[in-house]
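First the structure, in the form of structure tokens, and then the observations on it.
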Amino acid sequence: MKAHDTIRAALVQAAARLGVSVTASAVELERPRDPAHGDVATNLALALAKSLKQPPRAVAERLVAALELPPGPVRKVEIAGPGFINFFLAEAQLASVLEAILAAGERYGRSDPGNGVRVNVEFVSANPTGPLHVGHGRGAALGDAIAALLEGTGHAVVREFYVNDAGTQIDKLARSLWARVQQRVGRDVQVPEGGYHGDYLIELAEGILAREGRAFADLPQEEGIGRCRSIGVLSQRAEQDEDLREFGVKFDVIYFESELYRGQLIERTLADLTRRGYTYEQDGALWLRTTAFGDDKDRVLRKSDGTYTYLLPDIAYHRHKRERGFARAIDVWGADHHGYVPRLQAGMKALGYPEDFFHAEIVQLVRVMRGGEEVRFSKRTGDFVMLRDLFEETGVDAARYFFLMRRGDSQFVFDVDLAKSQTEENPVFYVQMAHARMSGIFRVAARDPAAVRADGTDLSVLDAPEEVDLMKELAEFPRVVEGAARTLEPHRITGYLEGLARLVHAWYHKYRVLGEPEEAARLVLAAGARQVLANGLRLLGISAPDRM
RNA sequence: GCGCCAGUAGCUCAGCUGGAUAGAGCGUCGGCCUCCGGAGCCGAAGGUCCCGCGUUCGAAUCGCGGCUGGCGCACCA
């Protein structure tokens, strides 16, 4: 908002007059919780107290005395509490946010601090060994929202999914599937130890036999397992893609581990690490000196049997991201992998990459509750609850919203009954309903809300407390988006939307729009509120329905 | 044993990188439907911010030491 910039600049100038050099971005402006403390406040005097060796209030007095604000946006400046400087904005300033919203439309809330920086966001990256479960769903919702937040703040984002199609897990999948094929033709073969026991491989085995004929089961074992490997990976990948598509997540790049081997990227990475002096041989294995970067112990890159551990391909993969020109690589990982962060980070530093290149966002596990009881297992996989089962029951919007409404790093209980309920208790419903209500006004008025403009409308009649509060909240949206993007915390958006929806409902309930003397101005307010609700929901990948 | 994450109202959780009297929803209690959707709105009660020590003008927030819970600590992925 323009008033913020004006205040910021004036404060920087005032500080300079006191002999302190402050950058504009270092001046913190916030909206006080208590309206009696004004519309904008800064703690600048408190922050400068130490270096000036003066009491905060005295610093505040001097700052205000040195402050030169152009006439217009600010009508009053106060010093309060321990030394806060509070600014009170002119009323006209407040309503101008509506003009800004309607002029920007879908773009309201977007900003450009990212300045076109290229960011790779990798998430889900499930092994192609079975269906996606709810934990993947939380990662999918979070990764997609983080990507959208970064896009909304001016970053060039690529959404990426990494497929481990070359490891031992894939061998287990192939052998498990082969065993199921044998079982279906009546042979007494067991699914191997540590293999995949879920019913979905029985279904897949039946499909193979139906398509290929019984002769498939009589293939030589090596060939049969090989066929099972490619069929298994392809079918699981296809199924995961379909789940993700229906969940509303679209990836720009699907990267297969096997591509790393084809491009000699593993060997090149190993050569880099060695050339930089961070590898050594011991006990027949090749080690990476990760302790040089804060890891507990050094890690093996190449085992004594000559094969690679998981770490080396992963370093190679992230090196490849760097080579593709990304300034940042953000990975969304499940909590069960968090112990892995220090060694991959060490790998990045061993390659000489800056500290902030790689960042792992850890997502804690999800528990699912229904009817007051925990739902642990899915029949089909014999394991976790499947993502598909969840969103088919609750709807995609509710599932995504619920995954996003808590910080990723806190454990989360998904209440299926709440997600399905069509009442105010359900936050998704509550927020979407606020949007639908605003749309309803325009439906009755037979107007297109997207075509509403503030030009020439007298907005000074929007002076009821509920209307003032609503406009102030609408003005906060761009800052909320920026904060959420900076901290990679989409839950700030859901929290904001719930607060905004509350104000919208309260306003709607108390004041009529159509047929009132204030109709024109209130239509502008309704259109603005509707736009911000829609923009917030869209950012999270959730629909903004016009009626429910 | 070591590491990471969490511990805030009866419950689920926020708390904007150290600021003003710690907030919201649900639940509880009490009000409100001639209406653009009551599928909603308004109000009240409710706190040892896990405990202790420290850092400073100021700590839920930072540091140290404990306690509780989750997850990790492979030449697995």
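Naming convention: chains lettered A, B, ... in sequence-line order (proteins, then strands); numbering from 1 in each chain.
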Worksheet entry | Whether over 12 other heavy atoms sit under 6.0 Å from A:K510 NZ |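 Not buried by this count: 12 neighbours or fewer within 6.0 Å.
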
Discussion item. If you go through the side-chain atoms of A:T168, does one of them form a donor-acceptor pair with the base of B:rC76 closer than 3.5 Å?
Written reply: no

Worksheet entry | Distance-only donor-acceptor test (3.5 Å): side chain A:N86, base B:rA20 | yes

Worksheet item: Does A:Y196 reach the side chain of A:R175, with side-chain heavy atoms less than 4.5 Å apart?
Response: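 No, their side chains stay 4.5 Å or more apart.
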
Can you give each donor-acceptor pair under 3.5 Å made by side-chain atoms of residues 516-524 of chain A, sequence neighbours left out, with the distance rounded to 0.1 Å?
unit_1: A:E519; atom_1: OE1; unit_2: A:G515; atom_2: N; d: 2.7
unit_1: A:R522; atom_1: NE; unit_2: A:E467; atom_2: OE2; d: 3.0
unit_1: A:R522; atom_1: NH1; unit_2: A:R512; atom_2: O; d: 2.9

Discussion item. Do A:T274 and A:T279 pair up side chain to side chain, a donor and an acceptor below 3.5 Å, judged on atom types alone?
Written reply: yes

Integer angstrom distance from the [atom1] of [N] to that of [M]:
N      : M      : atom1 : value
B:rC4  : B:rC13 : P     : 23 Å
B:rC11 : B:rG58 : C1'   : 33 Å
B:rU55 : B:rC73 : C1'   : 32 Å
B:rU61 : B:rG1  : C1'   : 30 Å
B:rC51 : B:rC67 : P     : 15 Å
B:rC35 : B:rG18 : C1'   : 49 Å
B:rU17 : B:rU21 : C1'   : 23 Å
B:rC76 : B:rC62 : C1'   : 38 Å

Worksheet item: Under 4.0 Å: is that the gap between some side-chain N or O of A:K297 and OP1 or OP2 of B:rA74?
Response: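 So the side chain of A:K297 is outside the cut-off, no N or O lying under 4.0 Å from OP1 or OP2 of B:rA74.
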
Practice prompt. Ignoring backbone atoms, test whether A:Y430 places a side-chain nitrogen or oxygen under 4.0 Å from the OP1 or OP2 oxygen of B:rG38.
Written response: no

Find the distance [X]:[atom1] to [N]:[atom2] and express it as a whole number of Å.
X      : N      : atom1 : atom2 : value
A:I493 : B:rC16 : CD1   : P     : 15 Å
A:K510 : B:rC36 : NZ    : C1'   : 18 Å
A:R299 : B:rA74 : CZ    : P     : 7 Å
A:R31  : B:rG15 : CZ    : P     : 16 Å
A:L46  : B:rA59 : CG    : P     : 13 Å
A:D469 : B:rA24 : CG    : P     : 13 Å
A:E257 : B:rA77 : CD    : C1'   : 9 Å
A:L288 : B:rC75 : CG    : P     : 13 Å

Discussion item. Quick check on contacts: within residues 335-345 of chain A, what sits under 4.0 Å from RNA chain B by heavy-atom distance?
Written reply: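 Heavy-atom cutoff 4.0 Å gives A:A335, A:D336, A:H337, A:H338, A:G339, A:Y340.
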
In the structure shown, which nucleotide is the Watson-Crick or G-U wobble counterpart of [N], with both distances under 3.5 Å?
N      : result
B:rG63 : B:rC53
B:rU21 : none
B:rG3  : B:rC71
B:rC26 : B:rG10
B:rC41 : B:rG31

Taking the minimum atom-to-atom distance to the side chain of [X], which one of [options] wins?
X      : options                : value
A:R486 : B:rG25, B:rC16, B:rC57 : B:rC16
A:A285 : B:rG15, B:rC75, B:rC36 : B:rC75
A:I441 : B:rC36, B:rA20, B:rA77 : B:rC36
A:L514 : B:rG25, B:rC41, B:rC36 : B:rC36

Quick one: label [X] by what it contacts on the DNA or RNA (base, sugar-phosphate, nothing), any heavy atom closer than 4.0 Å.
X      : answer
A:E425 : sugar-phosphate
A:R437 : sugar-phosphate
A:G483 : nothing
A:V444 : sugar-phosphate
A:F414 : nothing
A:F429 : base
A:D283 : base
A:R302 : nothing
A:A436 : nothing

Discussion item. Parallel, tilted or perpendicular: which one describes the rings of A:Y317 and A:Y162, with boundaries at 30° and 60°?
Written reply: parallel

Fill in: Check: A:F161 ring centre within less than 6.0 Å of A:F123 ring centre
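So the answer is no for these two rings.
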
Do [X] and [Y] sit within salt-bridge range, that is, some charged N less than 4.0 Å from a carboxylate O?
X      : Y      : answer
A:R443 : A:D448 : no
A:R479 : A:E482 : no
A:E160 : A:K321 : no

Distances for protein N/O vs nucleotides 7-14 of chain B N/O pairs under 3.5 angstrom?
unit_1: B:rU12; atom_1: O2'; unit_2: A:R406; atom_2: NH2; d: 3.1
unit_1: B:rC13; atom_1: OP1; unit_2: A:Q411; atom_2: O; d: 3.3
unit_1: B:rC13; atom_1: O2'; unit_2: A:R406; atom_2: NH1; d: 2.9
unit_1: B:rA14; atom_1: OP1; unit_2: A:R407; atom_2: N; d: 3.2
unit_1: B:rA14; atom_1: O3'; unit_2: A:H491; atom_2: NE2; d: 3.4

Worksheet item: Taking the chi torsion of B:rU8, is it syn (within 90° of 0) or anti (everything else)?
Response: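 B:rU8: anti.
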
Worksheet item: A:R492: what forms a salt bridge (Lys or Arg N to Asp or Glu O under 4.0 Å) with it, not counting sequence neighbours?
Response: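 Salt bridge (Lys or Arg N to Asp or Glu O under 4.0 Å) list for A:R492, sorted by chain: A:E489.
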
Worksheet item: Roughly how far, to the nearest 0.5 Å, is the CG atom of A:D397 from the CG atom of A:L537?
Response: 8.0 Å

Side-chain donor-acceptor pairs under 3.5 Å in residues 494-505 of chain A, sequence neighbours left out?
unit_1: A:T494; atom_1: OG1; unit_2: A:H491; atom_2: O; d: 2.9
unit_1: A:Y496; atom_1: OH; unit_2: A:E473; atom_2: O; d: 2.7
unit_1: A:E498; atom_1: OE2; unit_2: A:Y401; atom_2: OH; d: 2.5
unit_1: A:H505; atom_1: ND1; unit_2: A:R437; atom_2: NH1; d: 3.1
unit_1: A:H505; atom_1: NE2; unit_2: A:Y430; atom_2: O; d: 3.1

Practice prompt. May I have all residue pairs that pass side-chain hydrogen bond (donor to acceptor under 3.5 Å, both in side chains) and include part of residues 361-370 of chain A, sequence neighbours excluded?
Written response: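 Qualifying pairs: A:H359-A:E361, A:R367-A:E374, A:R370-A:E393.
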
Worksheet item: Would A:H37 count as stacked on B:rA20 if the rule is ring centres under 5.5 Å and plane angle under 30°?
Response: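 The base of B:rA20 is stacked with A:H37 (centres under 5.5 Å, planes under 30°).
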
